[in-house]
*Asks:* 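The structure under discussion is supplied below as structure tokens; questions concerning it will follow.
Every chain is numbered from 1 and lettered A, B, ... according to where its sequence line falls, protein lines coming before strand lines. Quick note: numbers below take in every heavy atom, side chains included, and nothing from hydrogens, waters or symmetry partners.
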There are 2 protein chains.
Amino acid sequence: MKAEIVTPKKSIAEYKQYDKFLLAVDCIIFGFDGEQLKALFIKRAFEPGLGKWSLMGGFVKHEEGVEEAAQRILNQLTGLSNIYMEQLSCFGEVDRDPGGRVVSIAYFALINITDYGDELMKEHNAKWFDLKKVPNLIFDHKKMVTLAKERLQQKVANHPIGFALLPYKFTLRQLQSLYEAIYETTIDKRNFTRKILDIGILNKLDEKEKESSKKGSFYYVFDEKKYRQLDKEGMKLI
Amino acid sequence: MKAEIVTPKKSIAEYKQYDKFLLAVDCIIFGFDGEQLKALFIKRAFEPGLGKWSLMGGFVKHEEGVEEAAQRILNQLTGLSNIYMEQLSCFGEVDRDPGGRVVSIAYFALINITDYGDELMKEHNAKWFDLKKVPNLIFDHKKMVTLAKERLQQKVANHPIGFALLPYKFTLRQLQSLYEAIYETTIDKRNFTRKILDIGILNKLDEKEKESSKKGSFYYVFDEKKYRQLDKEGMKLI
DNA sequence: ACAAAAGTGTTGTCTGTACACCCATGC
DNA sequence: GCATGGGTGTACAGACAACACTTTTGT
């Protein structure tokens with residue numbers, strides 16, 4: 001009836017009896033090159049798995065939160081801050097890392113692919129891979145990538161996070177290409193335009209993009225204020 | 001250009017330089033009493049937080065995977081195995097547990113409320129709480145519960161996991177009540193019946209439930225085979 | 001006979017989808 | 001003047017939401 005009968009009281013000191021673990025953060029970084037959805041992998045510079053492709057990652061430090069750690073690692077490797085980032089899942093199989101018992105918390109991040117400079121690319125031996133052509137990755141990283149892609153698809157259907165993958169201003173065609181890449185499908189131009197504009201989170205600029213067509217297509221920007229009004233419940237985007 | 005230039009090689013031994021953490025598992029256990037969606041909390045039997053309401057939890061052991069740990073803890077506390085369980089999120093704020101730096105992986109689980117016996121209830125000082133009347137919980141457990149409820153709502157819209165909250169055979173009214181409780185809404189009886197039967201994962205029995213009405217209402221059972229055919233993509237349930 | 005819950009169909013509205021032509025411009 | 005991608009409207013079909021009466025049976 002009372003707790004004392006069965007479960008012995010324990011003091012804070014007794015936390016010490018429990019096992020401790022190395023905690024890693026691994027980041028699936030998505031980018032979009034205008035045609036394909038890409039992920040960023042690095043050639044691993046240390047054992048185990050030296051020379052193999054791997055997600056960007058690092059170890060959590062004692063004095064930082066797990067979320068902070070992910071931000072720090074993303075920042076270290078991309079030079080970017082305020083990256084859109086979301087926790088994916090925690091991977092804790094006993095043998096997932098041959099180098100030791102490491103529990104990894106996977107995050108996925110969305111960046112504008114042009115923000116990631118060549119210097120950092122070379123410095124970290126990083127490379128963008130088409131998501132349809134993911135190379136062999138160490139440990140359980142491929143599982144992480146697969147899961148991340150699924151989550152991105154789910155999320156992007158109801159939340160306009162996809163904009164994080166595009167430049168500040170973009171055309172409706174670029175946005176459509178992005179959704180087509182994420183869902184590996186084709187979308188009718190008219191239906192897409194109507195739906196996305198009806199949501200009311202895009203502002204049309206006077207300016208046109210003139211690279212990819214003679215007529216030129218209008219730039220739009222994402223309207224964060226209008227977005228915030230709608231965000232809470234999620235909106236139907238696709 | 002090559003990894004060696006910038007990043008020094010590291011040996012496995014160097015994993016040792018990184019910090020280690022206590023890893024906990026906390027479980028949000030949902031149940032349904034026919035009217036309300038409930039969650040199971042226990043009165044904590046040790047410090048910190050002795051005597052306060054808390055989620056069921058425990059520490060991960062070195063020789064087990066995180067998922068295994070969650071199953072073990074659920075089994076210890078409920079006596080049940082093969083519980084429907086899903087990882088929710090990892091909580092890793094530095095100060096989340098005043099007893100030490102503990103990173104917690106939250107799982108949510110669905111059980112048939114009648115499977116959880118009185119003895120275990122007393123043994124662990126556990127109690128079912130209406131989800132609309134969650135008591136104060138230790139640490140960040142309330143955040144976990146809130147998130148778990150949101151995830152349950154999302155998940156249940158496309159996957160028939162709700163059946164895990166019901167007995168083997170149930171009436172359409174019970175099933176409807178469950179959905180009404182999960183979404184805190186009311187549903188039209190005719191629309192609900194039509195939709196759920198159209199999906200084709202329920203089998204009608206000849207038997208009637210006679211407790212709650214004079215006419216009696218037919219029992220149905222969940223058809224796992226039919227379900228598996230549809231599962232992959234998820235189905236629209238609500 | 002009546003109270004209490006079970007069961008069952010139809011209609012209007014909305015949402016999604018399919019589909020084709022003209023427009024503006026650079027070459 | 002023609003080739004290229006940009007922009008726009010309509011019609012049909014399926015999904016969803018609103019709505020009320022009859023059935024069964026225990027008391």
*Asks:* Roughly how bent is the helix from dA1(C)-dT27(D) to dC27(C)-dG1(D) end to end, in steps of 10 degrees, with each end axis from five pairs?
*Replies:*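 For the helix from dA1(C)-dT27(D) to dC27(C)-dG1(D), the axes at either end differ by 10°.
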*Asks:* Could you label the plane-to-plane angle of the Tyr227(A) and Phe222(A) rings as parallel, tilted or perpendicular, counting under 30° as parallel and over 60° as perpendicular?
*Replies:* tilted
*Asks:* Let me know the distance between CG of Leu202(B) and P of dG7(C), rounded to the nearest Å.
*Replies:* 13 Å
*Asks:* In whole angstrom, give the distance that lies between atom CD1 of Ile199(A) and atom C1' of dT15(C).
*Replies:* 13 Å
*Asks:* Output the rounded distance in Å from CZ (Phe192(A)) to P (dT15(C)).
*Replies:* 18 Å
*Asks:* Between Arg194(B) and Asn191(B), does any side-chain donor sit less than 3.5 Å from a side-chain acceptor?
*Replies:* yes
*Asks:* Please report, rounded to the nearest Å, how far the P atom of dG7(C) is from the CD1 atom of Ile196(B).
*Replies:*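 Roughly 14 Å, once rounded to whole Å.
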*Asks:* Tell me which of Lys204(B) and Lys236(A) sits closer to the 5' end of DNA chain C, going by the nucleotide each one is nearest to.
*Replies:*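 Nearer the 5' end of the strand: Lys204(B).
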*Asks:* Over how many whole Å does the gap from Ile238(B) atom CD1 to dA15(D) atom P extend?
*Replies:* 16 Å
*Asks:* Among residues 165-182 of chain A, which ones have heavy-atom contacts with DNA chain C below 4.0 Å?
*Replies:* none
*Asks:* Please work out whether the ring planes of Phe139(B) and His141(B) are parallel, tilted or perpendicular, with thresholds of 30° and 60°.
*Replies:* perpendicular
*Asks:* Whether the Ser89(B) and Gln87(A) side chains hold a donor-acceptor pair (N or O, under 3.5 Å, no angle test) is what I'd like checked.
*Replies:*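 Side-chain D/A pair, Ser89(B) to Gln87(A): present.
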*Asks:* Can you see whether Phe218(A) has Lys208(A) sitting over its ring - NZ or CZ less than 6.0 Å from the centre and within 45° of the normal?
*Replies:* yes
*Asks:* Name all residues meeting the side chain to side chain contact (heavy atoms under 4.5 Å, CB included) criterion together with Arg151(A); count only those two or more places apart in sequence or in a different chain, and write none if there are none.
*Replies:* Leu88(A), Phe108(A), Gln154(A)
*Asks:* Applying the side chain to side chain contact (heavy atoms under 4.5 Å, CB included) criterion to Arg44(B), which one of Leu55(B), Asn125(B), Leu137(B), Ile138(B) satisfies it?
*Replies:*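 Going through Leu55(B), Asn125(B), Leu137(B), Ile138(B) one by one, the side chain to side chain contact (heavy atoms under 4.5 Å, CB included) with Arg44(B) is satisfied by Ile138(B) alone.
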*Asks:* When you check the side-chain N and O atoms of Gln71(A) and Tyr107(A), is any donor under 3.5 Å from an acceptor?
*Replies:*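 No, Tyr107(A) and Gln71(A) have no side-chain donor paired with an acceptor closer than 3.5 Å.
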*Asks:* For nucleotides 19-27 of chain C, give me one character per nucleotide, 5' to 3': B if any protein heavy atom sits under 4.0 Å from the base, S if the only such contacts are to the sugar-phosphate, - if neither.
*Replies:* BB--BBBB-
*Asks:* Could you check how far NZ of Lys195(B) sits from P of dG14(D), rounded to whole Å?
*Replies:* 17 Å
*Asks:* Classify the ring geometry between Phe41(A) and Phe129(A) as parallel (under 30°), tilted (30 to 60°) or perpendicular (over 60°).
*Replies:* tilted
*Asks:* Taking only residues two or more places apart in sequence or in another chain, which ones pass salt bridge (Lys or Arg N to Asp or Glu O under 4.0 Å) with Glu184(B)?
*Replies:* Lys149(B)
*Asks:* dG7(D) C1' sits how many Å from Tyr219(A) OH, rounded?
*Replies:*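 That distance rounds to 17 Å.
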*Asks:* Not counting sequence neighbours, which residues clear side chain to side chain contact (heavy atoms under 4.5 Å, CB included) with Gln36(A)? List them please.
*Replies:*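 So Gln36(A) forms a side chain to side chain contact (heavy atoms under 4.5 Å, CB included) with Asp33(A), Lys38(A), Asp130(A), Lys132(A).
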